[in-house]
Undergrad: 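The structure's right below; bear with me while I get my questions together.
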Amino acid sequence: MQNGKEKIKITFPDGSVREYPRGVLPETIAKDISPRLAKEAIAAKFNGRVIELNRPLTEDGEIRFLTFEDPEGREVFWHSSAHLMAQAIKRLFPGAKLAIGPPIEGGFYYDIELDRPLSTEDFEKIEAEMARIVEENYPVVRQVLSREKALELFKKLHEDYKIELINDFPDEQEITAYQQGEFIDLCRGPHVPSTGRLGKHFKLLNVAGAYWRGDEHNKMLTRIYGTNYPKKKMLEEHLHRLEEAKKRDHRKLGRELDLYSIQESIGNGLILWHPRGARVRRVMEQFWIEEHYRHNYELVYTPHVAKLDLWERSGHTSFYRENMFDTMVMDEVAYQLKPMNCPFHITIYKTHLRSYRDLPIRLAELGTVYRYERSGVLHGLMRVRGFTQDDAHIFCTPEQLTDEIVKVLDLVIYVLSTFGFKEYEVYLSTRPEKYVGTLENWEAATNALRNALEVKGLDYEIDPGEGVFYGPKIDIKIKDVLGRSWQCSTVQVDFNLPERFDMEYIGEDGRPHRPIMIHRALMGSLERFFGILIEHYAGAFPLWLAPVQVVLLPIADRHHEFARQVYQRFREAGIRVELDDRNEKVGYKIREAEVKKVPYMVVIGDREVADGKLAVRHKGEGQLGNLDPEELLQRLLQEIANKS
RNA sequence: GCCCACGUAGCUCAGUCGGUAGAGCACAUCCUUGGUAAGGAUGAGGUCACCGGUUCAAAUCCGGUCGUGGGCUCCA
């Protein structure tokens with residue numbers, strides 16, 4: 001009896017090959033390689049499929065062991081953790097019905113129907129039960145079930161949601177369940193080989209309502225979020241990161257640094273920019289305006305309301321109605337608060353007969369729009385009802401399209417990186433099922449976007465079918481200091497509006513042609529981008545953005561006069577300077593300036609007045625020694641000019 | 001919009017069993033003129049989100065409204 005039947009060949013990532021008896025378990029192989037690997041392995045990747053460590057191997061193949069370091073390993077670990085939590089909950093709440101429990105970024109959740117609301121006090125009990133299940137170390141066993149068997153099983157368990165899932169499975173799908181102790185769950189898997197592998201460094205984080213299948217017409221389930229790590233230190237780091245994020249929360253910093261507020265008396269989702277926030281915004285706007293003129297855009301202003309007819313023509317009343325404020329009627333004419341700027345820019349285009357020689361025409365506007373967002377989705381500056389888009393519309397010929405998109409991408413990256421965002425995730429969204437325009441146009445536009453990305457050498461992913469109905473688009477997400485990504489920039493090609501508004505230009509051939517339109521935003525919304533900036537910098541803005549760049553701290557009254565001279569000189573030079581001449585000790589003033597995250601502090605006492613110098617302290621770098629006022633001023637102006 | 005939680009002074013938060021409100025910070029006045037993250041004293045500040053109900057009595061219990069927070073497919 002030779003190999004072929006009894007032995008299988010296993011190939012390892014380094015190319016080496018070993019023979020094992022048929023039916024060998026991955027965990028046996030792992031042990032064979034090293035005890036450490038066996039201990040750290042969570043699952044295995046065998047011939048490209050992730051499988052559990054206790055599934056027998058019956059054919060030759062390539063194997064790679066997945067640990068917590070691998071994203072796929074982490075998913076398995078968290079998925080199993082979700083099962084662990086579900087088992088604990090089923091023990092404590094026998095009537096609970098399980099819906100779905102997937103791994104997510106940084107942990108897992110499980111949607112469960114419970115007969116009473118769950119409070120965070122229940123967490124301790126559930127966690128204790130989870131620890132017990134880990135202790136009991138049940139093997140996690142995979143079972144393949146026939147549809148009938150599966151239905152029978154979950155009917156017996158009164159798991160209505162699982163039954164619904166099974167019934168929706170396509171015929172050819174293999175139905176599997178995983179059992180650990182008394183607990184069995186419909187699941188695709190894979191999972192860790194036993195509950196003991198999940199360790200004790202887990203934590204339930206929060207509860208929230210979530211609709212079954214995300215549909216608000218369905219029943220609301222209780223979603224419990226949790227996380228789990230193989231090492232205590234990793235859990236602590238995760239919790240620390242959550243704390244950090246909380247400290248950076250723009251809503252908290254916005255209040256503490258007196259940047260903006262949202263008042264009940266004004267309306268939710270409507271922002272009051274306080275003087276300090278307004279200073280930052282003004283810098284953002286000025287930078288944006290200068291760059292747009294430099295990049296051959298023309299800036300325009302358009303009104304906040306327009307006749308409803310305009311929005312009917314643009315189609316917004318049919319496809320965007322639920323996001324629009326109610327229409328108002330004046331003198332029997334219906335007006336609409338604007339949710340978008342595009343129809344205005346188109347109307348400006350149409351005030352002349354355009355020649356191909358005029359194109360491209362680039363119209364930009366910091367346009368304030370109002371959109372009705374459901375109250376539950378509003379969130380600080382991130383999701384609001386009134387906001388200012390850094391909007392522009394480029395009208396061009398088909399031949400110019402690629403070139404224009406490349407220019408937009410250049411500008412996007414220049415602007416984002418100046419604000420300190422150097423990492424991007426780029427997505428190209430292609431034609432959705434419902435679309436307008438011809439297939440040739442879609443093809444050409446998608447190619448133009450793709451070519452532009454290639455020219456720029458940007459890595460991107462394709463989001464199939466995620467384009468807007470009127471054209472394909474590129475979305476750019478930025479990554480902040482905490483590694484979170486935020487979608488800000490978007491570049492969208494539009495075939496629809498030029499058609500609806502019957503836009504044209506006269507071509508070289510003397511005949512009218514339809515221009516192509518590009519919608520684009522770099523920051524997206526000033527409000528949201530400001531919120532992201534606050535969190536990215538934790539409120540400690542770089543000098544060029546800081547609402548207060550320098551604060552002067554005279555020690556005693558007799559130093560006030562010199563301080564005032566310096567104040568005036570800096571103010572005239574365009575520095576955002578403040579003079580703290582309150583009757584307080586210098587330590588107190590420094591503390592306050594530190595708390596308010598002012599980059600430069602200048603202490604002025606007897607010595608400084610005597611030799612006409614300034615004792616400079618930098619927020620990050622500490623004391624910089626004594627500088628001549630002009631010297632400091634030049635240093636500041638230089639640093640501001642560098643935008644660093 | 002929906003589910004859950006929450007709403008007390010400008011901010012952060014106490015407030016027991018229903019008996020008419022408290023701290024720290026901030027603010028004002030005074031003392032202090034002090035050299036790199038909080039000097040001291042005194043004082044002013046609240047229709048306890050709003051409306052209604054139960055009660056001799058409501059910040060507290062009940063209902064509603066408004067607002068805030070977490071979340072509402074990353075499909076077993």
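Sequence lines set the chain letters: A, B, ... in the order given, protein chains first and strands last, and positions in each chain run from 1.
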Undergrad: Answer with base, sugar-phosphate or nothing: what part of the nucleic acid does A:D606 contact at a heavy-atom distance below 4.0 Å?
TA: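 Base, at least one base heavy atom under 4.0 Å.
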
Undergrad: Salt bridge or not between A:R276 and A:D258? Use side-chain N to carboxylate O under 4.0 Å.
TA: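 No, no charged N to carboxylate O under 4.0 Å.
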
Undergrad: Test A:E535 against every option in A:R248, A:K252, A:H250 by the side-chain hydrogen bond (donor to acceptor under 3.5 Å, both in side chains) rule and name the one that passes.
TA: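 For A:E535, the side-chain hydrogen bond (donor to acceptor under 3.5 Å, both in side chains) check succeeds only for A:H250.
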
Undergrad: Fill in the dot-bracket string of RNA chain B, one character per base: . for unpaired, | for a pair to another strand, ( ) or [ ] for pairs within the strand, taking Watson-Crick or G-U pairs under 3.5 Å.
TA: (((((((..((((.....[..)))).(((((.......))))).....(((((..]....))))))))))))....

Undergrad: Examine A:W78 together with A:Y109 and report whether their ring centres are nearer than 6.0 Å.
TA: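 Centroid separation for A:W78 and A:Y109: 6.0 Å or greater.
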
Undergrad: Would you indicate what A:N268 reaches in the nucleic acid, counting non-hydrogen atoms under 4.0 angstrom: base, sugar-phosphate, or nothing?
TA: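 Sugar-phosphate only.
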
Undergrad: For B:rU73, take OP1 and OP2 only and decide whether either is under 4.0 Å from a side-chain N or O of A:Y110.
TA: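 No, outside the criterion.
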
Undergrad: What nucleic acid atoms does A:G622 come within less than 4.0 Å of, heavy atoms only: base, sugar-phosphate, or nothing?
TA: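 No contact.
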
Undergrad: Heavy atoms only, 4.0 Å cut-off, all strands: where does A:I104 land among base, sugar-phosphate and nothing?
TA: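 If one applies the 4.0 Å heavy-atom cut-off, A:I104 turns out to touch a base.
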
Undergrad: Rounding to an integer number of Å, can you tell me how far A:L98 CG sits from B:rC75 C1'?
TA: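 In whole Å, B:rC75 C1' lies 15 Å from A:L98 CG.
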
Undergrad: Checking A:Y110 against A:D185: is there a side-chain donor and acceptor pair closer than 3.5 Å?
TA: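 Looking only at side-chain atoms, A:Y110 and A:D185 do form a donor-acceptor pair, the distance falling under 3.5 Å.
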
Undergrad: Is a salt bridge present between A:E174 and A:R142, judged by a nitrogen-to-oxygen distance below 4.0 Å?
TA: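 Looking at A:E174 and A:R142, the cut-off is met.
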
Undergrad: Just to be sure I understand the rule, does A:T222 reach a base, reach only the sugar-phosphate, or reach nothing, if contact means heavy atoms closer than 4.0 Å?
TA: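 Nothing, no heavy atom under 4.0 Å.
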
Undergrad: Looking only at the aromatic ring of each residue, does the gap between the centers of A:H274 and A:Y260 stay below 6.0 angstrom?
TA: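 Centroid distance A:Y260-A:H274: not below 6.0 Å, so no.
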
Undergrad: Would you classify B:rG53 as syn or anti? Syn applies when the glycosidic angle is within 90° of 0.
TA: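 Anti, since the glycosidic angle lies more than 90° from 0.
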
Undergrad: More 5' along RNA chain B: A:L221 or A:G380, using each one's nearest nucleotide?
TA: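 Result of the comparison: A:L221.
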
Undergrad: How are the rings of A:H316 and A:F319 set relative to one another: parallel (under 30°), tilted (30 to 60°) or perpendicular (over 60°)?
TA: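 Because their plane-to-plane angle lies in the 30° to 60° range, the rings of A:H316 and A:F319 count as tilted.
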
Undergrad: Compare side-chain N and O positions of A:R582 against OP1 and OP2 of B:rC27 and report whether any pair is under 4.0 Å apart.
TA: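 Checking A:R582 against B:rC27: at least one side-chain N or O falls below 4.0 Å of OP1 or OP2.
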
Undergrad: Can you confirm whether A:L381 sits close enough to A:F529 that some side-chain heavy atom of one is under 4.5 Å from a side-chain heavy atom of the other?
TA: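 In short, these two side chains do not touch, never coming nearer than 4.5 Å.
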
Undergrad: Of the listed nucleotides (B:rA76, B:rG34, B:rU12), which one gets closest to any side-chain atom of A:R558?
TA: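 From the listed options, B:rG34 comes nearest.
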
Undergrad: Once each nucleotide of nucleotides 36-49 of chain B is scored for protein heavy atoms under 4.0 Å, what B/S/- sequence comes out, 5' to 3'?
TA: BBBB----------

Undergrad: Starting from the 5' end of RNA chain B, give me the residue, A:H379 or A:Y109, whose nearest nucleotide shows up first.
TA: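 Counting from the 5' end, the first nearest nucleotide belongs to A:H379.
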
Undergrad: Could you tell me whether A:F169 contacts a base, only the sugar-phosphate backbone, or nothing, with contacts defined as non-hydrogen atoms closer than 4.0 Å?
TA: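 Base contact.
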
Undergrad: B:rG70, B:rU33, B:rG1: which one has an atom nearest the side-chain heavy atoms of A:A208?
TA: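 Side chain of A:A208 sits closest to B:rG70.
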
Undergrad: Counting only side-chain N and O atoms of A:R223, is one of them less than 4.0 Å from OP1 or OP2 of B:rC3?
TA: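 Answer is no, no contact under 4.0 Å.
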
Undergrad: Does a nitrogen or oxygen in the side chain of A:R188 sit under 4.0 Å from OP1 or OP2 of B:rC75?
TA: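 A:R188 to B:rC75 OP1/OP2: no side-chain N or O under 4.0 Å.
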
